[in-house]
Amino acid sequence: MNAPKIKHALPVSRAANFAVWYQEVIAAADMAEESGVRGCMVIRPWGFGIWERIQALMDARIKAAGVENCYFPLFIPLSYFAKEAEHVDGFAKEMAVVTHHRLIGDGKGGLTPDPDARLEEPLIVRPTSETVIGAAMSRWIQSWRDLPMLTNQWANVVRWEMRTRMFLRTSEFLWQEGHTAHADEGDARAETMRALEMYREFAETVLAMPVFAGEKPENERFPGAVATYSIEAMMQDGKALQAGTSHYLGTGFAESMNIRYQDKEGGHALAHTTSWGVSTRLIGGVIMTHGDDDGLQLPPAIAPQQVVIIPMLRDDDGDAAVLDYAKVLAGEVKALTALGEPVRVLVDTKATKAQTKRWDYVKKGAPIIVEVGPRDVASGNVAVIRRDALYKDDGKLNSSILPRTDFVGQVPALLESIQSNLFTEAAARRDAAIVPMADWKDVAAYFKGSEDAIKGWAQVNWARPTGAALDAVVEKLKTLKLTIRNAPLDYPTPSGSCVFTGSPAVETILIGRSY
RNA sequence: CGGGGAAUAGCUCAGCCCGGUAGAGCACUGCCUUCGGGAGGCAGGGGCCGGAGGUUCGAAUCCUCUUUCCCCGACCA
């Protein structure tokens with residue numbers, strides 16, 4: 001092996017320190033930064049641009065399913081929360097509470113909540129909106145004719161997490177929460193699965209992030225849910241990321257929020273509700289799925305700019321011609337369609353050095369970077385860099401010179417190929433890191449003392465133990481910092497016995513470390 | 001909530017032990033030479049040293065109080 005020496009764009013590699021590398025990508029790509037407010041981040045234009053792409057494409061899918069967007073208040077009366085016991089237990093420890101509505105001077109030049117302005121009933125800053133939306137549904141739903149009621153909101157929520165990491169777990173995060181009410185269990189469960197499949201398809205085709213859609217074990221259920229499903233992605237360090245969830249809530253929330261309807265026979269019945277969401281965590285998933293030692297790599301579908309044109313300006317008389325050439329090129333590319341949408345192209349005319357810009361966009365993960373200089377103006381060429389093929393075999397930057405018209409003709413295919421390459425590579429990495437195991441001893445030996453090694457997941461048979469038996473399993477896993485990720489829906493029913501209980505297995509589960 | 005740090009220029013930090021005119025690198029501004037793997041030279045701009053008290057002729061530095069953030073553990077999209 002004599003691997004060529006490559007000068008990478010980031011000071012830290014994934015192999016050297018994955019956690020530091022992750023932070024470095026976010027900083028180098030100008031995605032987000034610490035805000036000075038505990039656990040809360042400032043999302044910068046490039047990072048927010050990615051979120052806007054996610055929003056646009058997810059929102060289209062949500063609307064296509066007949067779900068309507070609405071908006072509910074940021075504040076939830078404490079009493080709403082108290083109605084659903086399990087739910088409040090699950091969230092009580094991590095909620096921000098508003099207790100006053102006015103400040104007064106503290107006599108020392110500062111401000112303090114006015115004791116006379118204490119709220120009669122404290123308000124919770126929403127950690128999720130089942131309860132307020134449930135209260136609204138209670139008003140909106142009278143008859144079987146009102147069902148199903150399919151709503152969604154794009155919002156920020158707050159969970160007072162102890163430990164935060166940008167995009168993965170922040171005190172405040174942005175998400176979409178779907179809330180639906182149905183006449184019966186069958187219809188509600190169908191909606192739960194519909195949302196789960198929507199997330200699976202979105203993760204794989206839009207984010208190029210392979211995931212397993214499956215059911216979470218009982219101990220990992222959303223507080224108050226009857227069944228919780230997730231999509232689970234594997235990051236490049238082998239850890240799992242829960243990238244989206246869909247819950248069948250049964251009639252528990254309907255009971256506590258009084259969501260009842262009159263059925264065709266004139267009787268009264270409780271609605272069956274669901275909720276489902278994905279958050280800005282998806283961006284963290286994209287970073288850890290596709291990022292490399294040169295920074296972020298964006299799937300073209302969510303890249304704020306898919307083609308970035310960098311004019312090589314020298315601050316002389318030749319600049320005007322280079323700029324004109326770049327603008328003509330941009331116009332040609334903009335007129336194209338790729339992945340079903342007009343191609344997003346940027347001519348970066350900022351008065352900084354072209355070389356600096358090139359590496360800036362490498363770190364930001366722009367799929368295609370095009371450099372045009374005086375030589376290209378003269379020859380009718382462009383210099384093209386594919387972010388997913390940055391280096392040649394000899395370790396040199398892989399910049400290919402193409403006639404401009406040839407390049408323009410190739411753009412849609414190029415973007416589509418980058419999109420599918422990213423998925424293929426990620427899927428290969430993930431599949432190589434999933435090991436089927438037949439015995440608990442094997443699992444323990446495999447994961448023992450491997451804090452830093454990329455171990456991925458174990459795939460084992462499972463008998464769905466409950467109660468004390470399940471608790472024992474969870475404890476056992478905890479000693480190795482492992483959790484059950486989910487039981488993938490597309491795994492066939494196994495024939496062997498459960499690695500934990502020895503009972504006949506009913507499904508196959510994935511076990512791994514997680515974020 | 002337990003255990004560690006840290007707070008000084010836009011950023012990363014030094015200075016503090018041993019009080020005496022506020023520092024470096026990067027970034028930024030200007031000029032010159034460069035330019036397709038992230039350039040170099042010269043000259044500049046920029047600070048209430050987290051906040052409040054105290055000790056002292058004099059405090060970034062010593063003392064007291066306070067606020068906030070970051071990292072490591074139990075909870076989570």
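Sequence lines set the chain letters: A, B, ... in the order given, protein chains first and strands last, and positions in each chain run from 1. In this text, all values refer to a predicted model and were calculated from it rather than measured experimentally.
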Which pairs, protein N/O on one side and nucleotides 38-47 of chain B N/O on the other, fall under 3.5 Å?
from, atom 1, to, atom 2, distance (Å)
B:rG38, N7, A:Lys7, NZ, 2.8
B:rG38, O6, A:His8, O, 3.1
B:rG38, O6, A:Ala9, N, 3.4
B:rG38, N2, A:Lys363, NZ, 2.6
B:rA39, OP2, A:Lys353, NZ, 3.2
B:rA39, N7, A:Lys353, NZ, 3.2

Using purine N1 to pyrimidine N3 plus N6-O4 or O6-N4 for Watson-Crick, or N1-O2 and O6-N3 for G-U wobble, both under 3.5 Å, which nucleotide pairs with [N]?
N	answer
B:rU61	none
B:rA9	none
B:rG36	none
B:rC1	B:rG73
B:rA14	none
B:rG30	B:rC42

For [X], answer base if it contacts any base atom (sugar-phosphate contacts may also be present), sugar-phosphate if it contacts only those atoms, and nothing otherwise; contact means non-hydrogen atoms under 4.0 Å.
X	answer
A:Gly277	nothing
A:Glu161	base
A:Gly39	sugar-phosphate
A:Leu282	nothing
A:Pro374	base
A:Thr170	base
A:Phe222	nothing
A:Arg38	sugar-phosphate

Working for side chain to side chain donor-acceptor pair (under 3.5 Å), residues A:Arg194 and A:Thr192
CA-CA 5 Å; A:Arg194 196 224 100 232; A:Thr192 307; over 6 Å; no
What's the gap between [N] and [M] when it is taken at their [atom1] atoms, as a whole Å value?
N	M	atom1	value
B:rA14	B:rG30	C1'	29 Å
B:rC49	B:rA22	C1'	8 Å
B:rU68	B:rC57	C1'	34 Å
B:rA24	B:rU33	P	28 Å
B:rU61	B:rG23	C1'	14 Å
B:rU8	B:rA52	P	15 Å
B:rC26	B:rG38	C1'	14 Å
B:rC16	B:rC62	C1'	10 Å

Spacing of [atom1] belonging to [X] relative to [atom2] belonging to [Y], to within rounding of 0.5 Å:
X	Y	atom1	atom2	result
A:Leu482	A:Lys455	CG	NZ	11.5 Å
A:Met41	A:Thr170	CE	OG1	4.5 Å
A:Leu249	A:Glu130	CG	CD	6.0 Å

In whole angstrom, what separates [X]'s [atom1] from [N]'s [atom2]?
X	N	atom1	atom2	result
A:Ile310	B:rG36	CD1	P	13 Å
A:Glu33	B:rC69	CD	P	16 Å
A:Gln242	B:rC75	CD	C1'	13 Å
A:Lys481	B:rC75	NZ	C1'	15 Å
A:Leu241	B:rA77	CG	P	11 Å
A:Asp315	B:rU33	CG	P	11 Å
A:Arg375	B:rC35	CZ	P	10 Å
A:Phe202	B:rA77	CZ	P	19 Å

A:Val372 vs A:Thr245, nearer the 5' end of RNA chain B by closest nucleotide:
A:Val372
Nearest-nucleotide comparison on RNA chain B, the residue closer to the 5′ end among A:Asp316 and A:Tyr515:
A:Asp316
Side chain to side chain donor-acceptor pair (under 3.5 Å) assessment of A:Thr245 paired with A:Ser230:
CA-CA 4 Å; A:Thr245 50; A:Ser230 70; over 6 Å; no
Determine, for A:Tyr80 and A:Lys83, whether the Lys NZ or Arg CZ falls below 6.0 Å from the six-membered ring centre while staying within 45 degrees of the axis.
yes
If stacking means aromatic ring centre less than 5.5 angstrom from the base's six-membered ring centre, planes under 30°, is A:Trp175 stacked on B:rA77?
no
Picking from B:rG36, B:rC76, B:rA74, the nucleotide nearest the side-chain atoms of A:Arg281 would be B:rC76
Can A:Asp292 and A:Arg14 be counted as an ion pair, charged N to O under 4.0 angstrom?
no
Carboxylate-amine/guanidinium proximity below 4.0 Å for A:Lys350 and A:Asp348:
no
Would A:Tyr515 and A:Asp237 count as having a side-chain donor-acceptor pair, cut-off 3.5 Å?
yes
Do you see a donor-acceptor pair shorter than 3.5 Å between the side chains of A:Thr151 and A:Glu68?
no
Side-chain N or O of A:Lys396 closer than 4.0 Å to phosphate OP1/OP2 of B:rG36:
no
